[in-house]
Amino acid sequence: SASDVCSDPLYGRLAPEDADIDATISRVDWVTPLVLAVEIELDHPHPNGYTGGQYARLEVPAAVPARCFSFASACRGDGRLRFFIRVFPGGRLGEWLTNADRTGERLRVSRPLGHFVLRNAHRPALFFAGGTGLAPVLAMLEEVASLPAAQHPSVRVVFAARDQQHLFHRRFVESIVDRWAIGTSIEFVSVLSQEPRPSAWNGLRGHFFEHLGLLTAGFENADAYLCGPPGLVDAMKFYLVKRGYDPARISADRFLPSLS
């Protein structure tokens, strides 16, 4: 989850190998007018790695209190991490990152936290992501893409964005699609809620639930994963259950703003 109200009751009772790890910011890029992709190199990798869908607390000592953000790439074991940070007034980490060139700055990264992970990497999966909720989805998909081709399931990712300026998934999904098994479906569908008219956009407009029949077709028995703002996630869960989805096969990760 990308929330600074996240908590883990075990966090204060960590074994030494689970302690925070010092790290260095290696790259900061704008991927939309409101979202940064931040790449970080740990001084040493997490002892036990992490699983796609989990998150970590990021803290800049004496500057930014600990905030929680989902890993946006799969664990490679080399200590290199990626996170998506939404920039908005009152968002401490986003404001700090944009106040100066932060390349080379130091920060602390917690052990991996959270349980929003793939229940079965071999089952068909339907993902609904909004904004930076794309981060855990990418981490999960990279993880599955690294499996033998015969184990790749059919996947559909539906991404909600405000307009075309905020579609940032394309630069991150090409390598995933290239590794997916030939003959096994992986598709990305975008739904834009505020795309101006007229425009060159020929895709879906509005909100997820306005197109549920189309978006769920062929994935009625898939596991569903919802990640993004609470309103979007809760509405999607409601409409999926209404369409007959088993609530036990719907996983949700609600992203809350990391305010001061």
Side-chain angles (χ1 to χ4, degrees), residues 1-114 116-117 131-140 142-143 168 171-172 175 227 253 255-260:
S1 169
S3 158
D4 93 307
V5 298
C6 65
S7 63
D8 189 313
L10 300 177
Y11 193 76
R13 308 194 300 274
L14 300 182
E17 64 269 19
D18 287 329
D20 292 352
I21 299 174
D22 292 318
T24 303
I25 296 175
S26 56
R27 183 168 180 165
V28 179
D29 287 323
W30 286 100
V31 292
T32 80
L34 297 175
V35 176
L36 294 168
V38 181
E39 296 184 11
I40 293 170
E41 294 187 12
L42 300 176
D43 285 4
H44 58 84
H46 287 107
N48 302 310
Y50 63 87
T51 302
Q54 290 191 293
Y55 62 90
R57 295 175 187 245
L58 307 185
E59 177 186 4
V60 183
V64 181
R67 301 291 191 256
C68 297
F69 297 92
S70 293
F71 298 102
S73 56
C75 182
R76 295 183 295 243
D78 59 3
R80 296 182 180 181
L81 310 175
R82 179 190 298 127
F83 298 92
F84 295 142
I85 313 295
R86 187 164 71 92
V87 178
F88 59 95
R92 293 283 296 277
L93 184 58
E95 290 182 339
W96 179 81
L97 285 166
T98 55
N99 283 342
D101 179 3
R102 300 301 184 184
T103 306
E105 293 271 9
R106 302 284 283 168
L107 73 165
R108 308 210 78 198
V109 181
S110 77
R111 70 178 179 94
L113 301 163
F116 181 70
V117 298
T132 54
L134 183 66
V137 175
L138 290 176
M140 291 180 189
E142 284 188 10
E143 215 167 70
F168 66 96
R171 63 182 282 185
F172 299 103
S175 64
C227 15
D253 194 13
F255 279 38
L256 304 174
S258 298
L259 296 168
S260 302

Visitor: Any chance you could measure S73, atom OG, to R80, atom CZ, to the nearest 0.5 Å?
Guide: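 Those atoms lie 11.0 Å apart.
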Visitor: Give, for atom CD of E59 and atom SG of C68, the distance between the pair rounded to the nearest 0.5 Å.
Guide: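 So the gap between those two atoms works out to 11.0 Å.
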Visitor: D101: which residues meet the side-chain hydrogen bond (donor to acceptor under 3.5 Å, both in side chains) condition with it, sequence neighbours left out?
Guide: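 With neighbours one apart ignored, the set is T103.
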Visitor: Side-chain contact test, heavy atoms from C-beta onward, threshold under 4.5 Å: evaluate it for D20 versus V109 and give yes or no.
Guide: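 No, side chains not in contact.
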Visitor: Would you say the side-chain atoms of Y50 pair up with the backbone N or O of A74, donor to acceptor, closer than 3.5 Å?
Guide: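 Yes; judged by distance alone, with no hydrogens or angles, the pair exists.
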Visitor: Test your reading of the model: is there a side-chain donor-acceptor pair from R92 to the backbone of A63, 3.5 Å cut-off?
Guide: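 Yes; at least one donor-acceptor contact below 3.5 Å.
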Visitor: Could you work out, with ring pair (Phe, Tyr, Trp, His ring centres under 6.0 Å) as the rule, every residue matching F83, not counting sequence neighbours?
Guide: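 Result, ring pair (Phe, Tyr, Trp, His ring centres under 6.0 Å) vs F83: F71.
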Visitor: Between R67 and V64, what is the shortest heavy-atom contact and its length?
Guide: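 Where R67 meets V64 most closely, the heavy atoms are CG-CG1, 4.4 Å.
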Visitor: Between W96 and E105, is any pair of side-chain heavy atoms under 4.5 Å apart?
Guide: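 Heavy-atom side-chain distance check passes, below 4.5 Å.
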Visitor: Which residues satisfy the ring pair (Phe, Tyr, Trp, His ring centres under 6.0 Å) test with F116, sequence neighbours excluded?
Guide: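 Partners of F116 under the ring pair (Phe, Tyr, Trp, His ring centres under 6.0 Å) test: none.
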Visitor: Just to verify, which of L138, D253, V137 counts as forming a side chain to side chain contact (heavy atoms under 4.5 Å, CB included) with S70?
Guide: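 Running side chain to side chain contact (heavy atoms under 4.5 Å, CB included) over L138, D253, V137 with S70 returns exactly one hit, D253.
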Visitor: Where do G49 and P112 come nearest, in terms of heavy atoms and distance?
Guide: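 Closest approach of G49 to P112, heavy atoms only: O-CG, 3.3 Å.
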Visitor: Table please: side-chain donor-acceptor pairs of residues 32-44 below 3.5 Å, with sequence neighbours left out.
Guide:
unit_1	atom_1	unit_2	atom_2	d
T32	OG1	L34	N	3.0
T32	OG1	V35	N	3.0
D43	OD1	R106	NH1	2.9
D43	OD1	R106	NH2	3.4
D43	OD2	R106	NH2	2.7

Visitor: Identify, with sequence neighbours excluded, every residue that meets salt bridge (Lys or Arg N to Asp or Glu O under 4.0 Å) alongside D78.
Guide: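 For D78, the residues satisfying salt bridge (Lys or Arg N to Asp or Glu O under 4.0 Å) (neighbours in sequence not counted) are R76.
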Visitor: Are F69 and R57 close enough, and set up right, to give a side-chain contact (heavy atoms from CB on, under 4.5 Å), and what steps lead you there?
Guide: CA-CA 6 Å; F69 297 92; R57 295 175 187 245; over 6 Å; no
Visitor: Mind checking side-chain contact (heavy atoms from CB on, under 4.5 Å) for P61 and listing every partner two or more places apart, or none if nothing turns up?
Guide: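 So P61 forms a side-chain contact (heavy atoms from CB on, under 4.5 Å) with R108.
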Visitor: Are the side chains of R82 and F172 in contact, using a 4.5 Å heavy-atom criterion?
Guide: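 In short, these two side chains touch, coming nearer than 4.5 Å.
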Visitor: Taking atom SG of C227 and atom CE of M140, what is their separation to the nearest 0.5 Å?
Guide: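 Spacing of SG (C227) from CE (M140) equals 6.0 Å.
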Visitor: Partners of A139 by side-chain contact (heavy atoms from CB on, under 4.5 Å), sequence neighbours excluded?
Guide: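 Checked A139 against side-chain contact (heavy atoms from CB on, under 4.5 Å); zero matches.
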Visitor: Are L97 and I85 side-chain neighbours, meaning at least one heavy-atom pair lies under 4.5 Å?
Guide: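 A side-chain contact exists here, since the closest heavy-atom pair is under 4.5 Å.
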Visitor: Of the options I25, L81, L93, which is the one that meets L58 in a side chain to side chain contact (heavy atoms under 4.5 Å, CB included)?
Guide: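 By the side chain to side chain contact (heavy atoms under 4.5 Å, CB included) criterion, L58 pairs with just one of I25, L81, L93: L93.
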Visitor: Kindly give the heavy-atom pair with the smallest separation between V87 and W30, and that separation in Å.
Guide: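 Shortest heavy-atom contact: CG2-CH2, 3.8 Å.
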Visitor: Report yes or no: is the cationic atom of R86 (NZ for Lys, CZ for Arg) closer than 6.0 Å to the six-membered ring centre of F84, at no more than 45° off its axis?
Guide: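 Not satisfied by the 6.0 Å and 45° rule.
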Visitor: For residues I21 and P47, report the shortest heavy-atom separation together with the two atoms involved.
Guide: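 Looks like CD1-CD, 4.4 Å.
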Visitor: How long is the straight-line distance from NE2 of H46 back to CD of Q54, given to the nearest 0.5 Å?
Guide: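 Between Q54 CD and H46 NE2, I get 9.5 Å after rounding to 0.5 Å.
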